[in-house]
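The model shown is predicted, which means the values in this text are computed figures rather than measured ones. A note on names: the letters A, B, ... follow the listed sequences, proteins ahead of strands, and every chain is numbered from 1.
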2 protein chains.
Amino acid sequence: MEKYLKILKKCSLFYGISDDNLLKMLTCLGAKIINFDKKYTIFAEGTTAKYIGIMLSGTAHTVQMDYFGNRSVLSVIKPTHIFGEAFACAEAENVPVSVIASEPCEVMLIDCGHILHTCSNNCGFHQQLIFNLMKDLATKNIMFHQKIEITSKRTTREKLLAYLLFRAKEQGADSFDIPFDRQALADYLEVDRSGLSAEISKLCREGILECRKNHFEFLNKP
Amino acid sequence: MEKYLKILKKCSLFYGISDDNLLKMLTCLGAKIINFDKKYTIFAEGTTAKYIGIMLSGTAHTVQMDYFGNRSVLSVIKPTHIFGEAFACAEAENVPVSVIASEPCEVMLIDCGHILHTCSNNCGFHQQLIFNLMKDLATKNIMFHQKIEITSKRTTREKLLAYLLFRAKEQGADSFDIPFDRQALADYLEVDRSGLSAEISKLCREGILECRKNHFEFLNKP
DNA sequence: ATAAATCTGTTGAAATTTCAACGAAACGAG
DNA sequence: CTCGTTTCGTTGAAATTTCAACAGATTTAT
């Protein structure tokens, strides 16, 4: 476990908890670590939520499929991020999304019941843990607002610009990277991939944007 | 306060707390009650979140406007519902949405700091309150998933059907009401109002649906 | 009850998106 | 390095959405 301490300390779930206590707590919580290869399913749609996941290394996407097989990417999961906590905390019986590794991953899984119901040993850190979890849930709530704000735009161009302006603001620079390839970006924005490519080209031709793969730069903000 | 007890007891925030304790707690929390007329702003976009709201009577909508003035309705708030808790718990400084009364409302406001930071009197109910708040946040998180699932469909028809099928399932009947007028439904689905009206008419002509104002009935599920 | 305001359904034209198909470029495995 | 695979940008046609405008229905205010 100790080899993951550096990552775990950056995880919002463990904010304000000392190294010693963190390690003891993980044992107490029954935390386990599992590896997933690229494209493997970490949490599967339709199953019952029980575990909270913590990404230790690699990347995964939260993905939703509709009847017709259209894929929608809801979020990107990077090291130190936690995931699945909403379904676990709400005790959902039929999770409507999957979490899929987009590159090889190491994931820590913690049974949510162990967090919510203070253990018989009554470690005092549980209070802090619960508090951290609440702040995380609230923050994710707000992130969904952002996704909805972006995808509620009516045209591909507006969605793309709204998304890129958010990322630029987030990284505090006109020059920035995004964590999606074209198809994943199209899925996130809920638009057609080819139409998205066309729109990116158009913005470049218009001198508003410069783009090389996942790297973008605003030349003139619109 | 006592006249609101019946509503408050149905509020998920106070689940598992006895009447006596609830009334004592409200005093301790400094809860206050405010009235809003139709169309009045309860929480304004751009301000700092501090209070959690509890709807006592009336209805409100969570609304978001983009640069160009397009309105998006994110959720409907009915009596017993709580709102604003995500921003208050995350201590957001610039709330990106407004809450607007869609009919005259009575609202209870509680300073979120009073909930999160156990008071000096150290009433024991705070633990339960915090637990309830967490479950609420997790549940709302899942509701956003649903909105995203619906609006990620590509056509007006698919969005409308996805929405109506959710509502039918929710109310456990093929005959059901929705809490939106046409414009609000169009805003929720992120589509054009006239196109939505046209699609509703079309579904009725096709014998799939029957519709009278806010009341819908599936004759043949698609 | 009446007038004013709001909501709703319809239409057709214009704008936009989706879809399918293709070749070029980038990537990965052996 | 080369082959096979995946990603990417482009295109034009078909499908869909948006927009603007209007009239009938419904609701609200006086």
**Atom-pair distance (CG on B/Leu160; P on C/dG9), nearest Å** = 11 Å

**Prompt:** Can you give one letter per nucleotide of nucleotides 10-18 of chain D, going 5' to 3': B for a protein heavy atom under 4.0 Å from the base, S for sugar-phosphate only, - for none?
**Reply:** BB----SSS

**Request:** Fit a plane to each ring of A/Tyr163 and A/Phe180, take the angle between them on a 0 to 90° scale, and name the class: parallel (under 30°), tilted (30 to 60°) or perpendicular (over 60°).
**Result:** tilted

**Asked** Has B/Tyr15 got more than 12 heavy atoms of other residues, nucleotides or ligands less than 6.0 Å from its OH?
**Response** no

**A/Phe87: partners by ring-ring contact (aromatic ring centres under 6.0 Å, His included), with sequence neighbours left out** = B/His145

**Message:** Taking the ring of A/Tyr51 and the ring of A/Phe43, is the distance between their centroids below 6.0 Å?
**Reply:** no

**Message:** In whole Å, I'd like the distance from the CG atom of A/Asp37 to the C1' atom of C/dG28.
**Reply:** 15 Å

**Check ion pair A/Glu85-A/Lys140 (N to O, under 4.0 angstrom)** = yes

**Request:** Would you mind reading off the distance between B/Asp181 atom CG and C/dT8 atom C1', rounded to a whole angstrom?
**Result:** 10 Å

**Asked** How close do B/Thr41 and B/Phe36 get, heavy atom to heavy atom, and via which atoms?
**Response** O-CE2, 3.7 Å

**Request:** Using atom CZ of B/Phe180 as one end and atom P of C/dC7 as the other, report the distance to the nearest whole Å.
**Result:** 15 Å

**Asked** Less than 4.0 Å between a side-chain N and a carboxylate O, is that true for A/Glu103 and A/Lys38?
**Response** no

**Sole residue of B/Arg154, B/Lys147, B/Lys153 in salt bridge (Lys or Arg N to Asp or Glu O under 4.0 Å) with B/Glu190** = B/Lys147

**Prompt:** Roughly how many Å is it from CD1 in B/Ile178 to C1' in C/dT8, rounded to a whole number?
**Reply:** 13 Å

**Atom pair distance, as rounded to whole Å: CG in A/Leu203 and P in D/dG9** = 12 Å

Produce the list of close N/O pairs, under 3.5 Å, pairing protein atoms with atoms of nucleotides 23-29 of chain D; give distances to one decimal.
{"from": "D/dT27", "atom 1": "OP1", "to": "B/Lys213", "atom 2": "NZ", "distance (Å)": "2.7"}

